[in-house]
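Reading through the structure tokens given below for one structure.
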Amino acid sequence: MGRKLLLDKAHIEGIRHYDVYRREGGYRSVEKALKTMSPEAVTEEVKKSGLRGRGGAGFPTGMKWSFLAKPEGVPRYLVVNADESEPGTFKDRYLMEFIPHLLIEGMITASYALGSNTSYIYIRGEYWWVKEILEVAVQEARNAGWLGKNILGSGFDCDIFVQPGAGAYICGEETALIESLEGKRGNPRIKPPFPAVKGLWGCPTVVNNVETIAAVVPIVNDGGDEYAKIGVGKSTGTKLISACGNLNKPGVYEIEMNISVEEFIYSDEYCGGIANGKRLKACIPGGSSVPILPANLLLKTAKGETRMMNYESLSDGGFATGSMMGSGGFIVMDEDQCVVKHTYTLARFYRHESCGQCSPCREGTGWMEKILLNIENGKGKMSDIDLLWDIQRKIEGNTICPLGDAAAWPVAAAIRHFRDEFEWHVTNPSDALKGNYGLANYAKPLEVAVPTA
Amino acid sequence: MADEKKLFTVTIDNITVEVEPGTTILQAARKVGGDVAPPAMCYYTKLKDSGGKCRTCLVEVAAGSAADPRPMPKLVASCRTNVMDGMVVKNITSDRVIDARNGVVEFLLINHPLDCPICDQAGECHLQDLSYEHGKGASRYEFKRRTFDKHDLGPYIQLHMTRCILCYRCVYTADQVTNERKHGILMRGDHSEIATYIEKSLDNDFIGNVIDVCPVGALTDRTFRFKNRVWFTKPVDAHCNCDKCSGEVQLWMRGDEVLRVTARKDEWGEVKDTTKGETGWICNTCRFERKKASDWVIEGPSHVNRHSVISQGHYENGVKPSETIKKVMGGRDPKLLMNIKDVSEVNQVELSEIKGAATSESFKQLKKGN
Ligand SMILES: Cc1cc2nc3c(=O)[nH]c(=O)nc-3n(C[C@H](O)[C@H](O)[C@H](O)COP(=O)(O)O)c2cc1C
Ligand code: SF4
Ligand code: SF4
Ligand code: FES
């Protein structure tokens, strides 16, 4: 059994409530930090842990914290990004819903390290019941003296507010989130300046993912070195993975960084294999915005090494043979799934969610969606495939925020790895229209040896 | 002696300039001028925080600075990226830039009809120029375009949402120049549109400036619409005593008629500072109400770039050629075979006196009124 640092206690009856959480050792990290450590020492432990942001980009958290500007007389803010709107990603919801005090505990400790007296949880509006759970937990923490003035007599004041969003994926992008938190339209800001210098209300701000902040608790409790012992290289600790699609056991799993992809899909401890005895065709391993991988490249890297669940192995060093760890949304497709259809669905999502500020994303996402719908419905032309390729190429890297890239990558990877499937749709229009994909005839899924142990 | 400021050296398309720290790549390139200056559809010098959106000004940074000469991996928006000492920038000398810019123009033209023949902005439109420079004869976009009804935003301004490229300039103008903003962007992505909050009209004293900042013909002056092609008019600098603004304007005249009044603009199409050094935004009264030559003190012809379409038929310091017909005809006046005013109705009315757009309807009404 892999070690669990975040969800180890999530199953305990009543852990959602303060008394049980505290009885199980909760809030020790706050005690330790506020009574025995300086804010800098907390940041130092986070640096030592090698923790990387769990929101998608994987930027080292300790380094991000140390970039925070500290001008005299200006407040600083910690904002927890609980917007979680990436299709396929639902791990933060699980954590907040079942063990909300873990997030709050992590926030108090992180706020202490950053010198933030007011911290926010920006949660997607659709998680209304999770918001209510968090609000109860915040109030419990406040009643128990973990929030408010002069916490534990340390002289440190901190309060936490929960703010729901209004249902826009783009508000998960950190600068759009800040705009939205300020009560404005959630358009991403142009960087620089980065939030660490000019964030919420023009003040230095750190935006971190829910899981990132929760991980601060075990890091402070057990020390950064202990955390760094789990995993490999620059991928340390544990990671929450939300697995979905054609799996026997979809769900949220906490894995030790560096188990193999094969183990994650096929072992009974995790996803228990592909549902209905079908074969694996493809997988989007890190949330909908990352490139799709066909089965053969999912289990092995281009060099023929076993593909591991860590940042480096999944990305194959940035080559087209890899994908990304992203936010840990693991979407699995069996042999009956149509890649063209899924690519269209994703394109539709990104078109809908583009904020519309910059021309390549605004116009390009809509164009890609329409072409993909045509191809999917057997109304496409061969030249459409090259056109799609060209459009995604003109969006990627040319936009204000990474949503443009997030819209381009899935299309690029689908064409790169499954071009024959796109061509089949063009050459077999009536079958495509009827949904008779004839999948067995092209894009052959890989035979995978199912581990027996 | 005042402290000497350290200047940054930046090389753009192999031309080196010195600029003050804090200057953007775009402004540095404008210092050089010509083709080295990237096109800009959303950036506007006088509007704080504008820029970064349209992506027409993307450039390649081949070397970040003298201290760190590594290239920047992505193209950057020159209007929002500051220069560093020793920076090397490629604009038209970069194939990547040209390719990306072609792409941006193609994207912009998806939902912007090239209806220049009937658009009031023709001849002054940055997108028209861009589409000539970077566009193609045909579009690869085969789907239905966005359609909208034309929308009157109060008595003076009409919105053609089909032409809007969502540059946000008018929103920033309303925010920063007027004391109340009643319009903004509604919806997201390719559904975004400029809209007012529940059909409000735009009626602030300075709201007319949104027309000037609009880089395309999406916001039009209802008192000028369809009265003339801009290259048939001649711009002159003029001023008046105005209690709301500086009164320093440009009149767009045909003969003695004032067909349109705008703020004075610089070579980048952006509002100039007044002679007192303030930003030369003008008030609605100057723009929409003072349409007689006698309302103004005319200073002389405006300077117009030689390459602009407006420069045709526009003479500065011109000397009127002397009349030769009478001379060759032995002192006799030529015999007029047809007086155009007798046959063409157009010449029977003063265009400037038509309230609103010059359409066949308004034209007939004016005739009746005569
Ligand atoms: C379009 C878009 C949506 C995003 N949505 C989320 C989100 O829902 N949750 C999240 O934590 N990060 C999201 N991110 C990433 C954030 O911008 C940011 O990198 C992250 O919150 C930083 O936290 P971390 O350093 O702890 O990973 C999104 C980014 C983009 C471009
Ligand atoms: S890339 Fe898309 S979502 Fe991001 S700022 Fe541009 S239009 Fe908005
Ligand atoms: S109406 Fe004109 S100025 Fe306003 S956003 Fe559209 S194009 Fe820009
Ligand atoms: S002018 Fe720079 S992005 Fe629009």
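Below, read A as the first sequence line, B as the second, and so on, with proteins coming before strands; counting in each chain starts at 1.
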Checklist line | Heavy-atom proximity to chain B below 4.5 Å, by part of Leu403(A) | finding: neither
Margin query: Using heavy-atom distances under 4.5 Å, tell me whether Leu166(B) contacts chain A through its side chain, its backbone, both, or neither.
Written below: both
Item checked: Segment of Leu109(B) engaging chain A (4.5 angstrom heavy-atom cut-off) -> neither
Checklist line | Closest approach of Gly51(B) to Ile190(A) (non-hydrogen atoms, all atoms of both residues) | finding: O-CD1, 3.2 Å
Notebook entry, point to check: Of the backbone (N, CA, C, O) and the side chain (C-beta and beyond), which part of Met41(B) lies under 4.5 Å from a heavy atom of chain A, both, or neither?
Noted result: neither
When you scan chain B against chain A, which donor-acceptor pairs turn up at less than 3.5 Å?
from, atom 1, to, atom 2, distance (Å)
Lys53(B), O, Ser359(A), N, 3.4
Lys53(B), NZ, Gln357(A), OE1, 3.3
Cys54(B), O, Ser359(A), OG, 2.7
Arg55(B), NE, Asn398(A), O, 2.8
Arg55(B), NH2, Thr399(A), O, 3.3
Asp99(B), OD2, Arg393(A), NH1, 2.9
Asp99(B), OD2, Arg393(A), NH2, 3.2
Asn111(B), ND2, Glu363(A), OE1, 2.9
Arg140(B), NH1, Asp390(A), OD2, 3.1
Arg140(B), NH2, Asp390(A), OD2, 2.8
Tyr141(B), OH, Lys370(A), NZ, 3.2
Glu142(B), OE1, Lys381(A), NZ, 2.7
Glu142(B), OE2, Lys381(A), NZ, 3.2
Ile165(B), O, Arg362(A), NH2, 3.2
Tyr168(B), OH, Asn187(A), ND2, 2.9
Ile185(B), O, Arg185(A), NH1, 3.2
Met187(B), O, Arg185(A), NH1, 2.9
Met187(B), O, Arg185(A), NH2, 2.8
Arg188(B), NE, His352(A), O, 3.3
Arg188(B), NH2, Glu353(A), OE1, 3.3
Gly189(B), N, Ser354(A), O, 2.7
Gly189(B), N, Cys355(A), O, 3.3
His191(B), NE2, Arg351(A), NH1, 3.2

